[in-house]
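Remarks on the structure that follows.
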Amino acid sequence: MNVPNSAVEEFAHKGHTCIRGLATLEEIAYFRPAIEETATAGRYDHRPLEERDTYGRAFLQVHNLWQRDTTCKGFVFAKRFAHVAATLLGADGVRLYHDQSLFKEPNGGYTPWHQDQVYWPLESGKTVTMWMPLVEITAEIGSMHFVTGSHKFGNVDAGSISDESHQKITQWVSDNSLNEESYGPMQSGDATFHAGSTLHRAGPNPTSHERPVMTVIFVADGTRITEPTPLQGFDLRLWLGGKQPGELVDSPMNPLLYP
Ligand SMILES: O=C(O)CCC(=O)C(=O)O
């Protein structure tokens, strides 16, 4: 598949883009049962919604489905997705950082404004997340919202994802006169891509249906691990296969997905 130039330019300029029909409805119909089954089996938070904090109410999150199920691995390792990621990053190749399923339950809460890069002990500007719904996203639920151009500002010091990060970023966006954009309703198999520092959020799920989304986080081949901040120690231990600051991201947990 040829990645449209408009998407490459949009990603460079705005820090986000959307590619419609990246996976076909037939492909999603094939992968969705395995992803749902694996996400359900991997669920670790069994508390009812009302007993969780804001982050816990935003979605049920399960990591690295590729290591849990071979069909899920086929989805995460799809060359078509990794090719888009490499093209957007302007990289010769990309590796997997990790994948995650993000299922927003019926009546699930909002996803506060945050920046992914604050969790990642990786050189900045070298990561991109693919966010792909496995069902149609109607206007009622809505897809992700991004602050256009925010990827150029680095860490805005809003901390970890919480009501507090939401408030700080709302103020920051207003102080910097930046615009918020969303791609609106999406079909299953459409995908948004955002850079590691792009500010983003999602609305709550007021419907009686779950919002199953699969994300894959790609890192440019040749990226080095950085000294972790207090928020990044967890990721250093979990997703980099024992590699240490200064070393390349190239452990077996971070396979080359493209080329
Ligand atoms: O799906 C959501 O509600 C938020 C997803 C997100 O923050 C991400 O993929 O980085």
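Ligands are counted one by one from 1 in listed order, and the atoms in each one are counted from 1 as well.
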heavy-atom search around atom 3 (O) of ligand 1 in the protein gives T111 OG1, 2.7 Å
Which atoms of ligand 1 are found less than 4.0 Å from any heavy atom of H114?
-> 7 (O)
Which one holds for I161 and ligand 1: side chain close, backbone close, both close, or neither close, with close meaning a heavy atom under 4.0 Å?
-> neither
Examine the side chains of T148 and E181 and answer whether a donor and an acceptor come within less than 3.5 Å of each other.
-> yes
Nearest non-hydrogen protein atom to atom 8 (C) of ligand 1, with distance, is H200 NE2, 3.6 Å
What about the rings of Y110 and H166, do their centers lie closer together than 6.0 Å?
-> yes
Taking only heavy atoms of D116 into account, list the atoms of ligand 1 that are under 4.0 Å away from them.
-> 10 (O)
In terms of atom number and element, which parts of ligand 1 are under 4.0 angstrom from non-hydrogen atoms of A202?
-> 3 (O)
Could you list the atoms of ligand 1 found under 4.0 angstrom from a heavy atom of H194?
-> 8 (C), 9 (O), 10 (O)
Per-atom contacts, ligand 1 versus W131 - under 4.0 Å to a heavy atom | 1 (O), 2 (C), 5 (C), 9 (O)
Would you kindly specify which portion of R211 sits under 4.0 Å from ligand 1, judged on non-hydrogen atoms: side chain, backbone, both or neither?
-> side chain
Tell me yes or no: between the side chains of Y97 and D235, is some donor less than 3.5 Å from an acceptor?
-> yes
Counting distance only, does the side-chain N/O of N64 pair as donor-acceptor with the main-chain N or O of W66 below 3.5 Å?
-> no
F11 and H194: aromatic ring centres closer than 6.0 Å?
-> no
At under 4.0 Å between heavy atoms, which part of Q100 makes contact with ligand 1: side chain, backbone, both or neither?
-> neither
Counting from 1 in the order shown, the ligand 1 atoms closer than 4.0 Å to a non-hydrogen atom of F59 are 2 (C), 3 (O), 4 (C)
Taking ring pair (Phe, Tyr, Trp, His ring centres under 6.0 Å) as the test, write out the residues that go with F75, two or more places apart.
-> F31, F81
Starting from atom 5 (C) of ligand 1, locate the nearest protein heavy atom and write down its residue, its atom name and how far away it is, to 0.1 Å.
-> L102 CD1, 3.4 Å
Between the side chains of Q187 and E136, does any donor sit under 3.5 Å from an acceptor?
-> no
List in chain and number order the residues that pass side-chain contact (heavy atoms from CB on, under 4.5 Å) with A158, two or more places apart in sequence or in another chain; answer none if no residue qualifies.
-> V156, S165, K168, I169
What atoms of ligand 1 come within less than 4.0 Å of a heavy atom belonging to T215?
-> 9 (O)
Do the charged groups of K104 and E210 touch, with an N to O distance under 4.0 Å?
-> no
Does ligand 1 have any atom sitting under 4.0 Å from a heavy atom of V213?
-> no
